[in-house]
Trainee: 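Encoded as structure tokens, here's the structure I'll be asking about.
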Protein chains: 2
Amino acid sequence: MTTVSIKDVAALAGVSPGTVSNVLNRPEKVAGSTRDRVETAIRQLGFVRHGSASTLRAGHSRTVGLSVIDIGNPFFTDVAAGVEDLASERGYAVILGNSSGSPAKEERNLLVFAEQRVRGVLITPSGADPRRLAMLRERGIAVVLVDHPAERPDQCAVAVNDVAGGSLAVTHLLAGGADRIAYVSGPASIRQCQDRLRGAGRALAAAGRDPAELRELAMPAMTAAAGQQAALTLLAEDALPDALFCANDLLALGVLRGLLQAGVRVPADVSLIGYDDIDFASASAVSLSSIRQPTYQLGRAATELLLDECDNPATHAHQQVMFQPDLVVRESTR
Amino acid sequence: MTTVSIKDVAALAGVSPGTVSNVLNRPEKVAGSTRDRVETAIRQLGFVRHGSASTLRAGHSRTVGLSVIDIGNPFFTDVAAGVEDLASERGYAVILGNSSGSPAKEERNLLVFAEQRVRGVLITPSGADPRRLAMLRERGIAVVLVDHPAERPDQCAVAVNDVAGGSLAVTHLLAGGADRIAYVSGPASIRQCQDRLRGAGRALAAAGRDPAELRELAMPAMTAAAGQQAALTLLAEDALPDALFCANDLLALGVLRGLLQAGVRVPADVSLIGYDDIDFASASAVSLSSIRQPTYQLGRAATELLLDECDNPATHAHQQVMFQPDLVVRESTR
DNA sequence: CAGCCTGATTAAAACGTAACAATCACATCT
DNA sequence: AGATGTGATTGTTACGTTTTAATCAGGCTG
């Protein structure tokens, strides 16, 4: 009800408001004895700093905006966890925006971020809006792209090397004696699917095989249902591939289910590997080999770059960080 | 860089700052022609309102805080999606706090919320801190409990009826001819596990059976690994139950895997049902029957109550909303 | 035509904090 | 003793907006 301000604290501690502000922001500037007096006054009154007043006067806030494409996707959830953890450690609050794949919603989120005068924005852009982001930067809001290549050199970005991941997966399949390999993919518009495909091709080439041998089966969605559909398609053909690389784990789980129901043995008849290493990959009937991405680290690293750009604008060097994925071998591959 | 203020807009439109504020907040108060003039000036200058200044002067913000226990858990992710959607529709920003089960972290989040002067807080409390929440309310911050019973009558809360859910599950098992039923549960400290157990007991009683017949197996965690462990424990005993009710889907998926590996047929030998209906329930080798909770709706409803309390404090009536869960029948039960 | 009402606009005073220049107390040096 | 320096503290101003009371321009009534 009655909001207690810095003045009340000052009055109780027998000191000026400016001094209270100093113990809050630059404690080393104030003598030990008065600092103690002020701090007990703060505790006694239950004072908590008015963030908006602080932001207004100081010209910058202690919040960052996080805009993700789908908060329901474990990938983004893990990223968000990394962002939230580091931001919280550094005393920043995180404003969450979920674009749900809608450019309009994304734009609305960016507007909210601008109104809140966030210090910086972490975003996995979906709508094509390089202008929007430039606008934020003109307003002094730092921007870091997450799981998306930088659009200009003076910009930070973090991503995971999907080409390397595709290569890891197919190299592993080949090492297990795979001969005829198929790639079960998602929509062609998704960059990650394309990159993983290129990586798969490179692995074949490195083994002295023709990348064109790789059978590609592109599904309209990257869900378990789509994966099961893919399995049916493959089963209807003359000969089954002896190894399958799926563009994500949901597809792989669907494929797995479809194959097992048809009596195909995994991995005896068909080797199967997914991508993302979601929690449920290890919980399926035949635990799933997969490619793990350092998702949580991705979020942390992006936040680290963002806060560095905010707090040390003079020395900050823009970087494009590329993480490397890992192979996780479980039961589904030979 | 150069931040454009309400004054600049006023100057360009040939009007006073107060009028600009009016077209922003009470457009009906200003004549059509001047409104147009102001609006084009706003667009022309790319003006966006300074949220902090607004909050400072108006005494309240357009943000709400959301504190969850584990952002990695699909349950909370869905809740968060519901919260974010409605808040965004109403022009509110959501500040995310992830307590990761740590009371200290939770407390820190609440402090951040207080500093930001959020309008209200949505929280699934973990640390026992009724005092903390009372403190927020004293500061004029509304609080709604999510998936947790109200601690006092003058408080809003939303939850899902776990007793009914437990009852639904066991009634379904009994209808399928189950005789010897076991309940694979999580830590006894978790209210949800207890409530679901009570529901299971009631279903037995309603069928004229003794609730004490229900075998309970409490695992230390509610993960797939714990579920697999539970399966091993059951398999080591003289006789296997002919039906299993698991306190969540992760446990159920683990149990399923353990049983299949031991050659037990599901559902022919053992009926199996989980709880939560997570996405992966339908993707397992034998798709999982489960109890679905309206998770997204839970988040939306909680936000609805919160915003009503904020925007109509006079007419607002505190409510405890209880949602009802649904039975989802798939392949794992007879 | 005076008086009054109505609707539109404005001037001015806050809101709580940070920052900077100014002041002060006091010790040290010449 | 006087000058100088140092470290601690304070007074004041400005941040951008909302809000209230006051002003103003017209139209209507009697």
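Just so it is clear: chains get the letters A, B, ... in the order the sequence lines come, proteins before strands, and each one is counted from 1. Side chains included, hydrogens not; waters and symmetry mates left out as well; all remaining heavy atoms used.
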Trainee: Which nucleotide in the set D:dT18, D:dT10, C:dT10 lies at the smallest distance from any side-chain heavy atom of A:Thr19?
Mentor: D:dT10
Trainee: Quick one: which of D:dC15, D:dT18, C:dT10 gets closest to the side chain of A:Arg57?
Mentor: D:dC15
Trainee: If only side-chain N and O atoms of B:Arg49 are considered, is one of them under 4.0 Å from the OP1 or OP2 phosphate oxygen of D:dT18?
Mentor: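 Yes, B:Arg49 has a side-chain N/O under 4.0 Å of OP1/OP2 on D:dT18.
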Trainee: Contact between A:Leu133 and A:Leu136 at the side-chain level, heavy atoms closer than 4.5 Å - yes or no?
Mentor: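 Counting from C-beta outward, A:Leu133 and A:Leu136 do come under 4.5 Å.
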Trainee: If the cut-off is 4.0 Å, is A:Arg26 near the phosphate of C:dA18, judged by side-chain N/O to OP1 or OP2?
Mentor: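 Indeed not, no polar side-chain atom of A:Arg26 lies that close.
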Trainee: Are OP1 or OP2 of C:dT10 and a side-chain N or O of B:Ser16 less than 4.0 angstrom apart?
Mentor: yes
Trainee: Rounding to an integer number of Å, can you tell me how far B:Lys29 NZ sits from C:dT9 P?
Mentor: 12 Å
Trainee: Taking any heavy-atom pair under 4.0 Å as a contact, classify B:Ser5: base, sugar-phosphate, or nothing.
Mentor: sugar-phosphate
Trainee: State whether a side-chain donor-acceptor pair under 3.5 Å links A:Asp154 with A:His318.
Mentor: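 No, no side-chain donor-acceptor contact under 3.5 Å.
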Trainee: Grab the NZ-P distance between A:Lys7 and D:dG11 for me, whole Å please.
Mentor: 12 Å
Trainee: Using whole Å, report how far CG of B:Asn25 lies from P of C:dA8.
Mentor: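 That distance rounds to 17 Å.
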Trainee: Figure out the CG/P separation between A:Asn22 and D:dA8, and round it to whole Å.
Mentor: 11 Å
Trainee: Under the side-chain contact (heavy atoms from CB on, under 4.5 Å) criterion, do B:Phe47 and B:Leu24 qualify, and how do the steps go?
Mentor: CA-CA 11 Å; B:Phe47 165 81; B:Leu24 252 35; 3.8 Å; yes
Trainee: Name the nucleic acid region contacted by A:Ser54, choosing base, sugar-phosphate or nothing; use a 4.0 angstrom heavy-atom cut-off, strictly under.
Mentor: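 The residue A:Ser54 makes sugar-phosphate contact but no base contact.
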Trainee: C:dA19, D:dT19, D:dG16: which one has an atom nearest the side-chain heavy atoms of B:Ala53?
Mentor: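 Nearest to the side chain of B:Ala53 among the choices is D:dG16.
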Trainee: Quick one: A:Leu24 CG to C:dA19 P, roughly how many Å, whole number?
Mentor: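 Value for this atom pair: 11 Å.
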Trainee: For the pair made of CZ in B:Arg117 and P in C:dT17, what is the distance, rounded to whole Å?
Mentor: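 After rounding, the gap between these two atoms is 7 Å.
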Trainee: Just compare C:dA18, D:dT18, D:dC15 and give me whichever is closest to any side-chain atom of A:Leu56.
Mentor: D:dC15
Trainee: Have a look at B:Thr34 and say if it touches a base, only the backbone sugar-phosphate, or nothing, with a 4.0 Å heavy-atom cut-off.
Mentor: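 Sugar-phosphate contact only.
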Trainee: Rounded to whole Å, please give me the gap between CD1 in B:Ile6 and P in D:dT19.
Mentor: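 So the CD1-P distance, B:Ile6 to D:dT19, works out to 11 Å.
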Trainee: Using a 4.0 Å heavy-atom cut-off, does B:Thr55 contact any base of the nucleic acid, only the sugar-phosphate backbone, or nothing at all?
Mentor: nothing
Trainee: For the side chain of B:His50, counting heavy atoms from C-beta on, which of C:dA18, C:dT9, D:dT17 is nearest?
Mentor: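 Selected nucleotide (nearest to the side chain): D:dT17.
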Trainee: Any salt bridge between B:Arg90 and B:Glu304, counting N to O under 4.0 Å?
Mentor: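 Yes.
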Trainee: Is it true that the side chains of A:Arg117 and A:Thr55 contain a donor and an acceptor less than 3.5 Å apart?
Mentor: no
Trainee: What is the distance from CD1 of B:Ile42 to C1' of D:dT17, rounded to the nearest Å?
Mentor: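 Computing the B:Ile42:CD1 to D:dT17:C1' distance gives 13 Å.
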Trainee: Under 4.0 Å, heavy atoms only, any strand: does B:Val20 hit a base, just the sugar-phosphate, or nothing?
Mentor: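 Since no nucleic acid heavy atom lies under 4.0 Å of B:Val20, the category is nothing.
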Trainee: Which atoms form the tightest heavy-atom contact between A:Glu106 and A:Ser67, and what is the distance?
Mentor: CG-OG, 4.2 Å
